[in-house]
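Since the structure is predicted, the reported quantities are computational estimates derived from the model, not experimental observations.
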Amino acid sequence: MAKATMAPAYDPAAVEQRCYQYWLQGGYFRAGCKVDQETFTIVIPPPNVTGSLHMGHALNNTIQDVLIRWRRMQGYDTLWVPGMDHAGIATQNVVEKHLAEEGISSRDLGREAFVERVWEWKKTYHARITEQLQRLGVSVDWSRERFTLDEGCSRAVRKVFVDLYRRALIYRGDYMINWCPRCHTALSDIEVEHEDESSTLTHIRYPLTDGSGFIIVATTRPESMLGDTGVAVHPGDARYRDLVGRTVILPLMNREIPIVADEYVDPAFGSGAVKVTPAHDPNDLAIAERHNLELITIIGEDARMTKAAGAYAGLDRYACREKVVEDLQALGLVEKIEDYSHALGHCQRCRTVVEPLISRQWFVKMKPLAEPALAAVHKGDISFVPSRFTRVYYNWVENIRDWCISRQLWWGHRIPAWYCSCGEVIVDYAEPAACPGCGGTALEQDPDVLDTWFSSALWPFSTLGWPEETPDLKRYYPTNVLVTAYDIIYFWVARMMFMGIDFMGEVPFHTVYITGLVRDAQGRKMSKSLGNGIDPLEVIAGYGADTLRFTLITGQAPGNDQRFRQENVEAGRNFSNKIWNASRFVLMNLAAGEEAAPDFAPLNPDHLPSDLTRPDRWILHRCAETTAAVTGLLEAYELGEAARLIYEFLWSDFCDWYVEFSKYYLYREGEAAAIELDRRRTRGVLVYVLDTVMRLLHPFMPFISEEIWRHLPHRESALVAAAWPAAPAHLSFPAEAKEMALVQEVIRAVRNLRSQVQLPPGKAAPVILRAPGQASAWLAQERHQIAKLCFAEPLTVERAATKPQQALTAIVSEGVEVYLPLAGVIDLEAETARLQKELAQLEKELRQTEVKLNSPGFLAKAPAAVVAKEETRREEYRARQGKLRERLRELG
RNA sequence: GGGGACGUGGCUCAGGGGGAGAGCGCUUGACUCACAUUCAAGAGGUCGGAGGUUCAAAUCCUCUCGUCCCCACCA
């Protein structure tokens, strides 16, 4: 399996497709193979079959994949259920638009033929989305894939509908609903999006019937006056007290309508009198119900005026508005027209202004379903990450209203209700043979379909086989975590909770991880109409799936929006390149010859070699530290932070330092047996660390890590199924970590001094280190590393080395003095100035520390560890101060 | 009218009670045997403003200014 040579650059395109097939063929994504293990389950938020996946999907699925891959490596029996949503209204709209381009109207086509066409569409986009998901690398269990409109899900929908109906939680009736005149269907409240629009407030004079004057009403919808059946004023409004109970003649219609008093009216707004149009405004309807006012429907489902609008019948609502105002003006009944801005409801899918209409629809009674779901969150059975979304959820659920679920569409779950000519309504799981009332067989099924979110609400259990008591349902419900963006908490998350708790008796998931939205580089929402969307597939094609995944994950903080920027993608690409080359370095050094297979096992952490060097112990320490931190961050759903830690460890610690340290042992010359020992040990550490990093990295960047893994010498067959690393306590070497920190500090100091005089790297220069006590021993032991990494030749490390006069100086930790003796090259004045500046800065910090340590409050109340740290800092500063002063004296 | 988020180096953003970080950009130097998709050194911020809590505030609280989002049937 392992190969010695790796291409000089990582080519994602060559690796990814093959790698995904390798995982599929190995059956690694399939759940149920670890029957004795705890389960970890996620159901995918089913993408709509309307089109292709966007960046939000890429983020969302990457997060889920990270969690699933991580838990799988931890040994859980993981199940990630894939599937898609039929997306009723959205898909119907898209297909209709598509057909319209061919000159075909869905009405001409007829229901059956149209639905057939939508299934064809579904087939195409199902394949496309599947391809996209696979390209992204999702480790879903394809054998369990579901579709909201498949047989099982449909059975679940019917079961829930019928059962809720029988419990009187689903009812049918004539109520005011939101109607989209373009989609020609009812909508639920949350499918209506309110947007402020500039409009006008028209003040109209309604003549009193007795001819004694006018009452003025203000409206944003003058055309609706044609359906007015009353005028309302506030009962306490002195201006109108005498008018209550009298009548006005409705202009244009010449209908006599009453003036009523109602608390709803705000006397401070407009004229303080409201025209009442009960059939076209929910508030007016409420007023009408309180005062027994008539309902007159003057706007139809096509947003045109009905016959009841008399002379205006047939006019579009906006054309009618103009005409009504014109006619009123001609009659001298318009008092004034003011500019006015107010919120108008728009159809979520087509942006058309919705029309409130009274219509016969099906509804779900929500309160009884919502209460247990509210309690579940209060009790902590479900928690939101980040927790602030709990309040968003409460806010909606506490004020929940009944849900209009019927849609006048063709694409979706047909409502399981049949009507008999005798008036009987039959709601049942399957089509009834005959009417139980009259025995008639001429039954007609309700032509409407259900809101697409009705089936989505059942997703966590319908996908596991419900209503059958399947083994999957028993084993994997409830699921562990739901990952979704904040924009569908109401549409989906809350409703899943309602249905899950009600029908399963248990919450559908324990954690709801809320993501933000992926925006464009300017912070705008990515949208088709703006044309600013970035296709995830294009990024994958250009940079690889791992780069896309890493970019999205690191750009993300739970619940916060992120901007998708090209620069970040490039940073991700660079990281991929770094990973690849670090691995190449390790692999190249394992092989005995160019084509030979590597024969070095990684170091066994349970049997550490006794000759581990200080750099070895340091990198093992950092590796264990990183492993523990990454695991902790994943447990806290801090995926972005976890990925950043891996990045930092791999790039800064491993590549920038350890790989450089390792070169000394790999390439040094000397006695053969000793060299062989050095090399063997170093290779062991290199492989161990690389191996561990690949495991840590795998959930985030599965392709490149799997590909590198393929080249590593190991026994486990595939990284996807390898064990998540532990951070054993015996790999903790805090002392060596501290000692190496000093070595690094010294190297940095020398490099800094060299750059002061623009010494090019590679050009050797002498370095003298004066170090007290133990520090001197550590540095002496690492002299080869220091010499190599800062081109020190010769390097002197002594407790009391002779101080050179002509030298650049740096004072670092532990009282270590660093000298770069360069007789003749140094501008002593500049050097003195530089040191003085440094001293001034140091003394400033020293004073701050001393102020703290002189404060009785600090000494009495701060934790001992903090005080001790501050004391150490003071000693450190004082030591440096002394040495700097001394050096300045020497320089004169 | 409610609710929430954000305001941190030039840009985009992490972080979050004990002397601030990253990526990109910028300056300087290097084609050093894994990588120029790189390496090394550096400049750059009183963490929006005011007050409070605390021994200690960028971090918690209150107010304030500014940006944005969600919910809401004032015509």
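- Among U12(B), G29(B), A75(B), the nucleotide with an atom closest to any side-chain atom of Pro760(A) is G29(B).
- Note on ring orientation: taking the six-membered ring where Trp is involved, the planes of Phe575(A) and Phe550(A) are tilted (angle from 30° to 60°).
- Taking atom CD of Gln556(A) as the reference point, atom P of U12(B) lies 19 Å away to the nearest angstrom.
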Give the dot-bracket string for RNA chain B, reading 5' to 3', where a pair is Watson-Crick or G-U wobble with both distances under 3.5 Å, ( ) marks pairs inside the strand, [ ] marks pairs crossing earlier ones, | marks a partner on another strand, and . marks unpaired. ((((((((.[[[[.)..(..]]]].(((((.......))))).....[[[[[..)....]]]]])))))))....
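- Here the P atom of nucleotide G18(B) and the CZ atom of Arg874(A) are 21 Å apart, to the nearest Å.
- Only the C1' atoms considered, G48(B) is 23 Å distant from U54(B), to the nearest whole Å.
- The side chain of Lys861(A) sits closest to U54(B) out of U32(B), U54(B), G4(B).
- One N or O donor and one acceptor, one from the side chain of Arg573(A) and one from the base of U37(B), sit under 3.5 Å apart.
- Dashed line: the shortest gap from a side-chain N or O of Lys525(A) to OP1 or OP2 of C69(B) is not under 4.0 Å.
- Nearer to the 5' terminus of RNA chain B, by closest-nucleotide assignment, is the contact made by Gln758(A) (compared with the other of Gln758(A) and Asp196(A)).
- Contacts of Arg221(A) with the nucleic acid, taken as non-hydrogen atoms under 4.0 Å apart, are absent.
- Residue-level contact check: Asp656(A) touches the backbone only, with heavy atoms under 4.0 Å from sugar-phosphate atoms and none from bases.
- Side chain of Asn574(A), nearest nucleotide from C11(B), U38(B), A41(B): U38(B).
- Within the nucleic acid shown, Tyr394(A) has no heavy atom closer than 4.0 Å to any nucleic acid atom.
- Salt bridge annotation for Glu648(A)-Arg644(A): absent, with no cationic side-chain nitrogen under 4.0 angstrom from a carboxylate oxygen.
- Comparing A14(B), C71(B), U12(B) by their nearest atom to the side chain of Asn395(A) picks out C71(B).
- In this structure, the nucleotide among G15(B), A34(B), A40(B) sitting nearest to the side chain of Ala557(A) is G15(B).
- Heavy atoms of Arg754(A) sit nowhere under 4.0 angstrom from any nucleic acid atom.
- Residue Val265(A) has its side chain nearest to A75(B) when only A75(B), A41(B), G18(B) are considered.
- The same atom, P, is picked in C11(B) and in G45(B); the two are 13 Å apart, to the nearest Å.
- In this structure, Asn568(A) reaches neither bases nor backbone, as no heavy-atom distance under 4.0 Å exists between it and the strands shown.
- Within 4.0 Å of Asn399(A), counting heavy atoms only, lies no atom of the nucleic acid at all.
- Below 30°, between 30° and 60°, or above 60°: for Phe654(A) and Tyr658(A) the angle between ring planes is below 30°, a parallel geometry.
- Side chain of Lys869(A), nearest nucleotide from G18(B), G29(B), U38(B): G18(B).
- Ring geometry for Phe269(A) against Tyr340(A) counts as perpendicular: the plane angle is over 60°, on a 0 to 90° scale with 30° as the lower cut.
- Tyr490(A) and Asn395(A) share no side-chain donor-acceptor pair at under 3.5 Å.
- Rounded to a whole Å, the CD atom of Glu870(A) is 7 Å from the C1' atom of G18(B).
- One finds a side-chain N or O of His342(A) lying less than 4.0 angstrom from the OP1 or OP2 phosphate oxygen of A75(B).
- Looking at heavy-atom distances under 4.0 Å, Ala571(A) makes contact with sugar-phosphate atoms alone, never a base.
- For the C1' atoms, the distance linking A50(B) with C13(B) amounts to 27 Å, nearest Å.
- Leu759(A) has its CG atom 14 Å from the P atom of A41(B), to the nearest Å.
- Residue contacts for Tyr490(A): at a heavy-atom cut-off of 4.0 Å it reaches the sugar-phosphate backbone alone, with no base atom in range.
- Within 4.0 Å (heavy atoms only), Cys655(A) reaches at least one base atom of the nucleic acid.
- Remark: side-chain polar atoms of Asp561(A) are paired, donor with acceptor, to backbone N or O of Leu517(A) under 3.5 angstrom.
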Using the side chain to side chain donor-acceptor pair (under 3.5 Å) rule, take Tyr175(A) and Asp402(A) through it: C-alpha gap first, then chi angles, then the decisive distance, then the call. CA-CA 11 Å; Tyr175(A) 296 93; Asp402(A) 286 358; over 6 Å; no
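- Going from atom CD of Gln848(A) over to atom P of U46(B) covers 15 Å, rounded to whole Å.
- Nucleic acid contact for Glu641(A): sugar-phosphate only, since backbone atoms but no base atoms lie under 4.0 Å from a heavy atom of the residue.
- Heavy-atom distances to RNA chain B give each of Val392(A) and Ile747(A) a nearest nucleotide, and the one nearer the 5′ end belongs to Ile747(A).
- Atom pair Glu223(A):CD and A75(B):C1' shows a separation of 13 Å (rounding to whole Å applied).
- Rounding to whole angstrom units, CE of residue Met6(A) and C1' of A34(B) are separated by 10 Å.
- For the OP1/OP2 pair of U12(B) and a distance below 4.0 Å, the side-chain nitrogens and oxygens of Arg565(A) include no atom meeting the criterion.
- With C55(B), G23(B), A75(B) as the candidates, the nucleotide lying closest to the side chain of Tyr647(A) is G23(B).
- Between Glu870(A) and Arg874(A) there is no salt bridge, since none of the side-chain N atoms of the basic residue sits less than 4.0 Å from a carboxylate O of the acidic one.
- The side chain of Arg391(A) sits closest to G4(B) out of U38(B), G4(B), C55(B).
- In the set G42(B), A72(B), A34(B), A34(B) carries the atom at the smallest distance from any side-chain atom of Lys578(A).
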What's the verdict on side chain to side chain donor-acceptor pair (under 3.5 Å) for Thr547(A) and Ser576(A), showing C-alpha distance, side-chain angles and the deciding distance? CA-CA 7 Å; Thr547(A) 292; Ser576(A) 298; 3.0 Å; yes
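- Of the candidates Arg317(A), His280(A), Arg321(A), Arg321(A) is the only one forming a side-chain hydrogen bond (donor to acceptor under 3.5 Å, both in side chains) with Glu223(A).
- Side-chain N/O atoms of Lys663(A) include one lying less than 4.0 angstrom from OP1 or OP2 on A34(B).
- Going from the P atom of C61(B) to that of C69(B) covers 25 Å, rounded to whole Å.
- Between Arg834(A) and Glu831(A) there is a salt bridge, since a side-chain N of the basic residue sits under 4.0 Å from a carboxylate O of the acidic one.
- Taking a cutoff of 4.0 Å between a charged side-chain nitrogen and a carboxylate oxygen, Lys663(A) and Glu660(A) qualify as a salt bridge.
- Remark: Trp651(A) is in phosphate contact with C39(B), judged by side-chain N or O atoms under 4.0 Å from OP1 or OP2.
- G52(B) and A58(B) have their P atoms separated by 14 Å, given to the nearest Å.
- Nucleotides U46(B) and A41(B) have their P atoms positioned 25 Å apart, rounded to a whole Å.
- Val659(A) comes within 4.0 angstrom of a base, heavy atoms only.
- Heavy atoms of Pro863(A) sit under 4.0 angstrom from at least one base atom.
- Among the protein residues, Phe575(A) comes within range of no part of the nucleic acid, since none of its heavy atoms lies under 4.0 Å from any strand.
- In this structure, OH of Tyr486(A) is placed 12 Å from P of C6(B), rounded to the nearest angstrom.
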